[in-house]
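The structure appears below as structure tokens.
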There are 2 protein chains.
Amino acid sequence: MKPARSRAVNTSSVNISTINMGTVNIGDAAKASGVSAKMIRHYESIGLIPSAGRTESGYRTYAESDLHRLRFVKRARTLGFSIKEIEALLALWGDRRRSSAKVKALTQKHIDELEGKIAEMQAMKQALQQLAHQCHGDDRPDCPILDDLAAEPNRAPRCH
Amino acid sequence: MKPARSRAVNTSSVNISTINMGTVNIGDAAKASGVSAKMIRHYESIGLIPSAGRTESGYRTYAESDLHRLRFVKRARTLGFSIKEIEALLALWGDRRRSSAKVKALTQKHIDELEGKIAEMQAMKQALQQLAHQCHGDDRPDCPILDDLAAEPNRAPRCH
DNA sequence: ATGAACCTTCCCATGATGGCAAAGTCAACC
DNA sequence: GGTTGACTTTGCCATCATGGGAAGGTTCAT
């Protein structure tokens, strides 16, 4: 594709062809939202965000409302929500008749999942610390850590 | 392939062709180790475990030492070690001249990684609980959770 | 006009696991 | 001997969120 020129305007210069005031390219959208350009394209491809506008030469353009949505997604990812969950959150965000109960329930479910994972990892950490504590950590080959890994599951008590 | 018969023996019947006493098929190895047949094949394909023996008809066979190694891998996965790390642990396990210091260091590094992830998830959980607490969770559309997600990063204080 | 710094699409990789399909094998039973 | 069911084999595709890179087009400033 190589049609006429018409660039996303972020300066004060006016463009006649389209009223793309204040729209930016994907790189600036990435900087402004904290979502990488790569991921913005990805989110668009899986339908998490609507297809971006395009300049006549094919460059994606982002308006302030698009940046707002991207920031929303970024923040939700930072809080650990999955893409599926964010999809639901975005729908609720855009729904003026939503009930906050739905949002809260979704959030609580996510909190529960986090708690499950945290507990799991803490159990791992606990067991490992126990083992590391028992290990001399010197030049000798004796190693309770390897002994534990190599232990028959039945015989040796794995209950730390 | 369809050569002569010769099966992995797990009963008391004797097989003349090869001395495969006590060797089992992949399904039994899976049951005995807790590693799925699928993953056993996968571990073999990426070189984590040596290629299993084969019957004349191509079935993989596992001796007690193989099961031992599989149990080692399973236990290490349960403790959250990555495949790369388990590779190193297996090497140390098989090295009589090893120093326990290396094992301990590897373990400590893993503990540190776990701690990092746990802290990260706890921060998420904390923030989410804060927000969920502020949310009515009723039929009204007012929702501090969505408000937070939609907030401009600069203005609203994200410091919970 | 040239070059830097963008942008586009497309393909591949990660890590650990699961699923499915088509085909071959084994043991047991009638 | 034939059938049946429970195994096994390989291979390809999917997940989830992200990054890397190639090959080529665009924009803009020097």
Side-chain angles (χ1 to χ4, degrees), chain A residues 1-11 13 15 17 20 23-31 34-49 51-62 73-74 76-87 110 113 117 120, chain B residues 1-11 13 15 17 20 23-31 34-49 51-62 73-74 76-87 110 113 117 120:
Chain A
M1 311 162 180
K2 42 183 141 176
R5 55 225 48 79
S6 142
R7 194 171 194 261
V9 173
N10 51 352
T11 71
S13 66
N15 194 308
S17 61
N20 47 9
T23 74
V24 296
N25 282 344
I26 198 168
D28 292 331
K31 275 172 210 148
V35 181
S36 71
K38 203 89 192 191
M39 289 312 297
I40 295 177
R41 291 193 200 97
H42 179 59
Y43 290 159
E44 180 183 327
S45 82
I46 63 176
L48 181 66
I49 56 175
S51 296
R54 300 278 183 145
T55 66
E56 290 172 46
S57 60
Y59 281 24
R60 288 176 180 79
T61 61
Y62 296 88
V73 171
K74 174 63 181 178
R77 284 295 302 137
T78 300
L79 288 174
F81 284 103
S82 71
I83 301 294
K84 285 281 172 200
E85 287 165 337
I86 296 174
E87 212 160 336
H110 179 40
E113 287 166 1
K117 286 183 199 161
E120 201 179 327
Chain B
M1 310 165 177
K2 41 183 141 178
R5 57 226 46 77
S6 141
R7 193 172 194 261
V9 174
N10 53 353
T11 71
S13 66
N15 193 312
S17 60
N20 46 8
T23 73
V24 296
N25 281 343
I26 200 170
D28 293 331
K31 277 172 208 150
V35 182
S36 72
K38 200 89 194 196
M39 289 312 296
I40 295 176
R41 292 192 198 97
H42 179 61
Y43 290 159
E44 180 182 327
S45 83
I46 63 176
L48 180 66
I49 55 175
S51 295
R54 299 279 183 143
T55 65
E56 291 172 43
S57 60
Y59 280 25
R60 287 176 179 79
T61 62
Y62 296 88
V73 172
K74 174 64 182 179
R77 284 295 300 136
T78 299
L79 287 173
F81 284 104
S82 71
I83 301 294
K84 286 281 172 201
E85 287 165 338
I86 295 174
E87 212 161 335
H110 178 40
E113 287 165 1
K117 285 183 201 161
E120 200 178 328

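Chain A is the first sequence line, chain B the second, and so forth, proteins listed ahead of strands; every chain is numbered from 1.
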Starting at NZ of B:K84 and ending at P of C:dA13, how long is that distance when rounded to a whole Å? 15 Å
Is the shortest side-chain heavy-atom distance between B:T61 and B:R54 below 4.5 Å? no
Distance in Å, A:R60 CZ paired with A:T23 OG1, rounded so as to fall on 0.5 Å steps: 14.0 Å
Quick one: A:E87 CD to D:dA17 P, roughly how many Å, whole number? 10 Å
Donor-acceptor contact present, side-chain A:R41 to main-chain A:S45, <3.5 Å: no
Between protein and nucleotides 3-5 of chain C, what N or O pairs are separated by less than 3.5 Å?
none

Between D:dT27 and A:S57, is there an OP1 or OP2 to side-chain N/O distance shorter than 4.0 Å? yes
To the nearest Å, how far apart are B:K117 NZ and D:dA17 P? 16 Å
A:V73 versus A:Y43, closest heavy-atom pair with distance: CG1-CE1, 3.6 Å
With a 4.0 Å limit, can you tell me whether A:R41 has a side-chain N or O closer than that to the phosphate oxygens OP1/OP2 of C:dT8? yes
Euclidean distance, atom CD of residue B:E85 to atom P of C:dA16 [Å, nearest integer]: 9 Å
Close side-chain approach of A:I40 to A:Y62, heavy-atom, < 4.5 Å: yes
Compare all side-chain heavy atoms of B:Y59 with those of B:I26 and state whether any distance is below 4.5 angstrom. no
Any side-chain N or O of A:R54 below 4.0 angstrom from OP1/OP2 of D:dT26? no
Please tell me if A:R60 has a side-chain N or O lying less than 4.0 Å from either OP1 or OP2 of C:dT8. yes
So which protein nitrogen or oxygen atoms get under 3.5 Å of nucleotides 18-22 of chain D's nitrogens or oxygens?
unit_1: D:dT18; atom_1: OP1; unit_2: A:R77; atom_2: NE; d: 3.4
unit_1: D:dT18; atom_1: OP1; unit_2: A:R77; atom_2: NH2; d: 3.4
unit_1: D:dT18; atom_1: OP2; unit_2: A:Y43; atom_2: OH; d: 2.7
unit_1: D:dG19; atom_1: OP2; unit_2: A:S36; atom_2: OG; d: 3.2
unit_1: D:dG20; atom_1: N7; unit_2: A:K38; atom_2: NZ; d: 3.0
unit_1: D:dG20; atom_1: O6; unit_2: A:K38; atom_2: NZ; d: 2.5
unit_1: D:dG21; atom_1: O6; unit_2: A:K38; atom_2: NZ; d: 2.4

Report yes or no: does B:H110 contribute a side-chain atom to a donor-acceptor pair with the main-chain N or O of B:E85 at less than 3.5 Å? no
Rounded to whole angstrom units, what separation is found between the CD1 atom of A:I46 and the C1' atom of D:dT15? 13 Å
Rounded to whole angstroms, how far apart are NE2 on A:H110 and P on D:dC16? 15 Å
Can you tell me how far apart CE (B:M39) and CD1 (B:I46) are? Round to the nearest 0.5 Å. 7.0 Å
For A:I83 and A:R77 the tightest heavy-atom approach is CD1-CD, 4.1 Å
